[in-house]
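Numbering of residues begins at 1 and proceeds along the displayed sequence. As the structure lists them, so they are numbered: ligands from 1, and atoms in each ligand from 1. Atom set for the values below is all heavy atoms of this structure, side chains included, hydrogens, waters and symmetry mates excluded. Bear in mind the structure is a predicted one, so any value in this text is a computation, not a measurement.
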Amino acid sequence: MTPNTLYCRWPFPYLFLCHSNSTNEASLNPYPLTKFLTWVQITIQTLFGSSSHLLFSTYYQFPKHISICSLSLGIFGSSLSQSPAMGETDSFFSNKSAKIFVAGHRGLVGSAIVRKLQSLGFTNLLLRTHADLDLTRQSDVESFFADEKPHYVVLAAAKVGGIHANNTYPADFIAINLQIQTNVIDSSYRHGVNKILFLGSSCIYPKFAPQPIPENALLSGPLEPTNEWYAVAKIAGIKMCQAYRIQHGFDAISAMPTNLYGPNDNFHPENSHVLPALMRRFHKAKVEGAKEVVVWGTGSPLREFLHVDDLADAVVFLLGNYSGLEHVNVGSGKEVTIKELAELVKEVVGFEGELVWDTSKPDGTPRKLMDSSKLASLGWKAKISLKDGLIDTYKWYLENVKQ
Ligand SMILES: NC(=O)c1ccc[n+]([C@@H]2O[C@H](COP(=O)([O-])OP(=O)(O)OC[C@H]3O[C@@H](n4cnc5c(N)ncnc54)[C@H](OP(=O)(O)O)[C@@H]3O)[C@@H](O)[C@H]2O)c1
C-alpha cells in the first residue's frame with residue numbers, strides 16, 4: 001500500500017504527524033493567539049486542502065463570531081466532500097496538464113526533475129534557459145510569470161560551486177542567489193502559483209551541527225566559513241518561503257538535499273565535487289594506463305550521497321504530499337567513507353592500478369550526514385544504491401563528457 005492510500009483511508013496517523021510539524025511551525029510565532037491560529041490553520045489545511053487558506057484569511061480579518069461561523073461551516077462542508085490529504089495529493093498528481101515551471105532545467109537537479117515529471121506523464125512543463133530568462137532580472141521574471149501563469153514552480157536554478165568558487169566570488173554567490181530566489185518566490189506568490197518548492201542544500205547547517213543533522217539544527221550555530229555566502233542566501237530562501245506561508249498562506253515549501261550525483265553532474269577538473277572528481281581521475285588514469293591515482297587525505301571522513309533521480313522522486317513526492325512550514329532534509333541515510341567511495345568508483349570505472357592516499361593533505365569535516373527521518377515518516381525513501389548510481393553515472397559520463 002502506498003503512503004498516499006494510507007493517508008486517505010486512515011487520516012488520523014497522518015494528522016498526528018502533521019500536528020507535530022505544525023507544533024514546530026506554530027512555535028516559531030511569538031504571539032500566543034497567532035501561534036494557536038497557525039496551529040489550527042495548518043491542521044485544517046492538512047485535513048481540508050489548500051483551499052482552506054481562504055477560510056483563514058477570513059478568520060484573521062473579520063470579527064471573531066463571523067470567523068468562527070465560517071470556520072465551522074468550512075470544516076463541516078469540507079468533511080462532507082473528501083479526505084484533504086487525498087485532495088492535496090490528487091490535485092498535483094491527477095492533473096498531468098498542470099503548467100510546471102522547472103527553473104534551472106539544464107542543471108544536475110533541474111534536468112532530473114524534468115525527467116521524473118515527464119516519466120510520470122506531465123505534459124506541460126515550462127522551461128527557460130538562462131539565456132532565455134535571466135532570473136536575476138526582476139522585471140523579466142515578473143513579465144514571464146504574468147504571461148505564463150504557471151501552476152507549480154520548482155526552483156532548481158542557482159549559482160552553485162565549490163569552496164574555491166565561493167572564496168573567489170563571494171559577492172556573486174550571495175547576490176545572485178538572493179536575486180533569483182526573491183524574484184521567483186515573490187512572482188510565484190503574486191501570480192497565483194499553487195505551490196513552489198525551493199531547493200537549498202546541506203551547507204545551510206552549522207559547521208558543528210549534531211550528526212545526523214536534523215532540520216531544527218538550522219541557525220543553531222556558526223556556519224562553515226568557506227561557503228557562508230551561499231549558505232546565507234539559501235537560509236534566506238527557506239525563511240522567505242516560511243514568511244510567505246505565514247503572511248499570505250502561500251504554499252511554499254523547501255527541500256534540502258544531501259550531496260548529489262548523477263547524469264549532468266559537473267566533471268570539471270578544478271570545480272567538481274568529490275564523486276565526479278574521482279570518476280574523472282580514475283577514468284583518465286585508466287585511459288592513459290597510469291599505475292596509480294593519488295587522493296588527498298586519509299579517506300576516513302564519512303559522507304552521504306544521493307542519486308539525483310532519487311532526489312527528483314523526492315521533490316515530486318513533496319509537491320504532492322507536503323505542505324509545511326519547516327524545510328525537509330532529503331538524503332539516502334547511508335554513509336560511506338571517502339575510501340569506500342573511492343574503491344567503488346575505481347571498480348565501476350575499471351581502473352586496475354593502485355589507489356594511494358596522501359595523508360599529508362587535510363581530510364575536511366569528519367562526518368556529514370543528514371537526518372532524513374522526517375521525510376521517511378512522510379513515506380519516502382531512496383531507492384538507488386550507490387553502486388547502481390555510479391554505474392549509471394559512469395555510463396552517462398562516457399556518452400556525454402568530452403574525453
Ligand atoms: N549538486 C549538488 O550536489 C547539490 C546538493 C544539494 C543541493 N543542491 C541544490 O540544487 C540546486 C541546483 O543545483 P545543481 O547542482 O543542479 O546546479 P547546476 O547543475 O549548476 O544547475 C543550476 C542551473 O541554474 C541555472 N541558472 C543559474 N543562474 C541562473 C540565472 N541567473 N537565470 C536562470 N538560470 C540560472 C543554470 O543555468 P546556466 O548553467 O546556463 O547558468 C543551471 O541550469 C541548487 O539550489 C543547489 O543548492 C545541489
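Counting the atoms of ligand 1 from 1 in the order shown, those under 4.0 Å from a heavy atom of Ser201 are 6 (C), 7 (C), 47 (O). Every atom of ligand 1 is numbered from 1 in the order shown, and the set under 4.0 Å from a heavy atom of Thr258 is 5 (C), 6 (C).
Around atom 23 (C) of ligand 1, the closest heavy atom drawn from Gly104, Ala255, Gly161 belongs to Gly104.
For atom 4 (C) of ligand 1, a protein heavy-atom neighbour is present inside the 4.0 Å cut-off. Within the 4.0 Å cut-off (strictly below), no protein heavy atom is located near atom 39 (O) of ligand 1.
Counting heavy atoms closer than 4.0 Å to ligand 1, residue Leu133 contributes backbone atoms (N, CA, C, O) but none from C-beta onward. Of the heavy atoms in Thr129, none comes closer than 4.0 Å to ligand 1.
Ring-centre distance between Tyr322 and Phe317: not below the 6.0 Å cut-off.
Geometrically, ligand 1 and Lys234 share a nitrogen or oxygen pair separated by less than 3.5 Å. Geometrically, ligand 1 and Leu260 share a nitrogen or oxygen pair separated by less than 3.5 Å. Between Val160 and ligand 1, no N or O atom pair is found at a separation short of 3.5 Å.
In this structure, Asn266 has no heavy atom closer than 4.0 Å to ligand 1. Residue contact check for ligand 1: Tyr261 places no non-hydrogen atom closer than 4.0 Å to it.
Relative to the ring axis of Phe122, Lys96 places its NZ or CZ within 45° and under 6.0 Å from the centre.
Using cut-offs of 30° and 60° on the angle between ring planes, the pair Tyr397 and Phe267 is tilted. Note on ring orientation: taking the six-membered ring where Trp is involved, the planes of His327 and Tyr205 are tilted (angle from 30° to 60°). In this structure, Tyr230 and Phe173 have perpendicular ring planes: the angle between them is above 60°, well past the 30° mark.
Salt-bridge annotation for Arg367 and Glu335: present, with a side-chain N of the basic residue lying under 4.0 Å from a carboxylate O of the acidic one.
Judged by distance alone, the side chains of Glu142 and Ser187 never bring a donor and an acceptor atom under 3.5 Å apart.
Just one of Ile391, Leu390, Ile384 meets the side-chain contact (heavy atoms from CB on, under 4.5 Å) condition when paired with Lys387; it is Ile391.
The nearest heavy-atom contact from the protein to atom 46 (C) of ligand 1 is Tyr230 OH, 3.1 Å.
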